[in-house]
Amino acid sequence: MLTRLQLLHYRNHQSAGYSFDNQTVLINGPNGSGKTNLLDAIYFCCMCRSYFLRQDQLLVQHGHDFFRLDASFDNQGQTDEVSVKVVSGRKKEVLLNGVAYEKLADHIGQFPVIMITPDDTRLIQQYADERRRFLDLTISQVDREYLFDLQQYQKVLAQRNALLKQAWQRGADKEVLDSLDKQLWPAAGRIWQARRNFTERIVPGIQAIYARLSGNREVPGIDYQSDLNHADAAELHARTRQEDLAAGRTQAGVHRDDLLFTLDGEPLKQVASQGQIKSLLIALKLAAFHGDPDGRKPLLLLDDIFEKLDRKRMEALFSVISEGSWGGMFLTDADSSRSQDILRNQQVLFDRVVTNNPD
Amino acid sequence: MKLPSRIMEDAVTEFSRLPGIGKKTALRLVLHLMQEDASRVGQMAESLQRLKTELRYCKRCFNIAEDDLCSICMGRNRQHQMICVVESLRDLLAIENTQQYQGVYHILGGVISPVEGVGPEQLHITELIDRLPGLESPELILALNPDIEGDTTAFYIHAQIKKAGLDVRITSIARGISFGGELEYTDEITLARSLAARMPYQRNSDS
């Protein structure tokens, strides 16, 4: 569990330090006071990146040129200290017990984490890259080889696309293309396998949680859509090579994968209500570590999940969530009384943090 | 920077064009040289000039040479059928410094990287293939960096040799845990690959 968090110049947190005695932490405070930023800081300590912003520089408090985060994780009496340093114009540094990682990828999965926010509707409403991002960020935490394969795939793909683009102008060197493809295929095959295994693994969990959350009978599902579903990578890329050469880029492969969410076999987008979408997203996130062979207990970061719910539904949601096995839970809520009531009703011991930073 | 002399200014500008040298360091070097004997400075200028006038690339392996061939390609105690393929002169120097290698080299002058606009035609790959037919049971040792560009180049060379129908033993330098390294601190990818590419165990006294 997280026992300590210090923030310096992180978004609207000038300088703040918190220590936690309980697994469950409630973060209260008015809108714009930094509740979500606090969750994001924890997420950054686990994933070496913000959940919300891709550019680290944008996280630095206005008027400063760096931010720093320090977190202590306690695991059965052993304490690990994670520090993050982002200084403008320098490479970001993440340190574990004072030693900087050479490769940030080595940190991913050490402190597994799940973030649930109202923003997650992007996953369903927006483009496929959001859904691939969800797959990548989740699978990377349980499968070390996956992140390596993904980075490998992206680098080879960039080389391949550069070659195809030049080919368009001045003819392609087929043997260089062969050499790149020999590296693309194995990585693509392993990425496809990992994504397929992952979607199959979490579906039972999603269905069970969804049923509890919605109380409805419809059954959710995930359809993993990939060019590799019907052909292995070597076959696929050999077949599409001519088209790739004509188009000047790689047109098929795991970089085009998508997830289709369904209810009773129908595409979710077409049939679902806002409530059903929200239930499915929460179920999807909560089930992300279901069936993890190593039994990891992720830290759960819940941003404003009680938004627009009545008291009865809030209680139901919280009791479903607390059945999971978590390495700690942080919740934000602008309304301090209702969430405190729920936690007390359910006899949960918790710490409370009140943020009041200027917006 | 305003200096009292145009000649000095020129010298400072020249120095600051070198990698890792800023204006201030350049000025410090120039001031230092102005204190030196004229003969020392003359020697230095001459040795710099000779870098360009008297040095060239070895016609066979593209190492630095004073004649048509470099000292390694002319070496009598070298095994000329064993060719170590490297990306750059720096890599050659690193392997030479091990004092363990008795073969010869071939410097490619880079690796294939379409993103950087480098294709096989910019590298000395054709020259490498052309070296092979004259040799008796040749061996190529691919000593390229273990990254995508290195692997692409290795695959490409392998394909070219196959295409030419040459009988060449091709090996690659081992990849794995560094000597004196600790397993616990080796990254998991390297460790996993070291396990996959494990070797038969031989005691030193057996070999």
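Excluded from the calculations below are hydrogen atoms, water molecules and symmetry mates; all remaining heavy atoms, backbone and side chain alike, are included. Chain letters run A, B, ... following the sequence lines, proteins first, then strands; residues in each count from 1.
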Chi angles and distances behind the side-chain contact (heavy atoms from CB on, under 4.5 Å) call for Q251(A), R256(A):
CA-CA 8 Å; Q251(A) 300 194 100; R256(A) 300 193 334 130; 5.7 Å; no
Report the option among V156(A), D106(A), D178(A) that has the most heavy-atom pairs separated by less than 4.5 Å from atoms of chain B.
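Of the candidates given, the most pairs with chain B belong to V156(A).
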Judged by modelled atom types alone, do [X] and [Y] share a side-chain donor-acceptor pair under 3.5 Å?
X: Y105(B); Y: E96(B); answer: yes
X: T250(A); Y: D244(A); answer: no
X: D232(A); Y: W185(A); answer: no

Minimum heavy-atom distance between [X] and [Y], given as atom pair plus value:
X: H106(B); Y: E127(B); answer: CE1-C, 3.9 Å
X: E93(A); Y: A100(A); answer: OE2-CB, 3.5 Å
X: I114(A); Y: A288(A); answer: CD1-CB, 4.4 Å
X: Q159(A); Y: P114(B); answer: OE1-CD, 2.7 Å

Using non-hydrogen atoms and a limit below 4.5 Å, what part of residues 151-168 of chain B faces chain A?
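If one takes a 4.5 Å heavy-atom cut-off, the residues of residues 151-168 of chain B near chain A are D151(B), T152(B), F155(B), Y156(B), Q160(B), K163(B).
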Under a 4.5 Å heavy-atom cut-off, does chain B meet the side chain of E102(A), its backbone, both or neither?
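Answer is neither: E102(A) stays 4.5 Å or more from chain B.
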Salt-bridge test for K155(A) and D147(B): reply yes if a basic N is under 4.0 Å from a carboxylate O, no otherwise.
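No, this pair does not count.
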Could you tell me which residues in residues 136-145 of chain A have at least one non-hydrogen atom under 4.5 Å from a non-hydrogen atom of chain B, sorted by residue number?
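Residues of residues 136-145 of chain A touching chain B at under 4.5 Å: R144(A), E145(A).
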As a quick check of understanding, evaluate side-chain contact (heavy atoms from CB on, under 4.5 Å) for Q151(A) and I148(B), giving each step before the final call.
CA-CA 11 Å; Q151(A) 289 172 339; I148(B) 284 154; over 6 Å; no
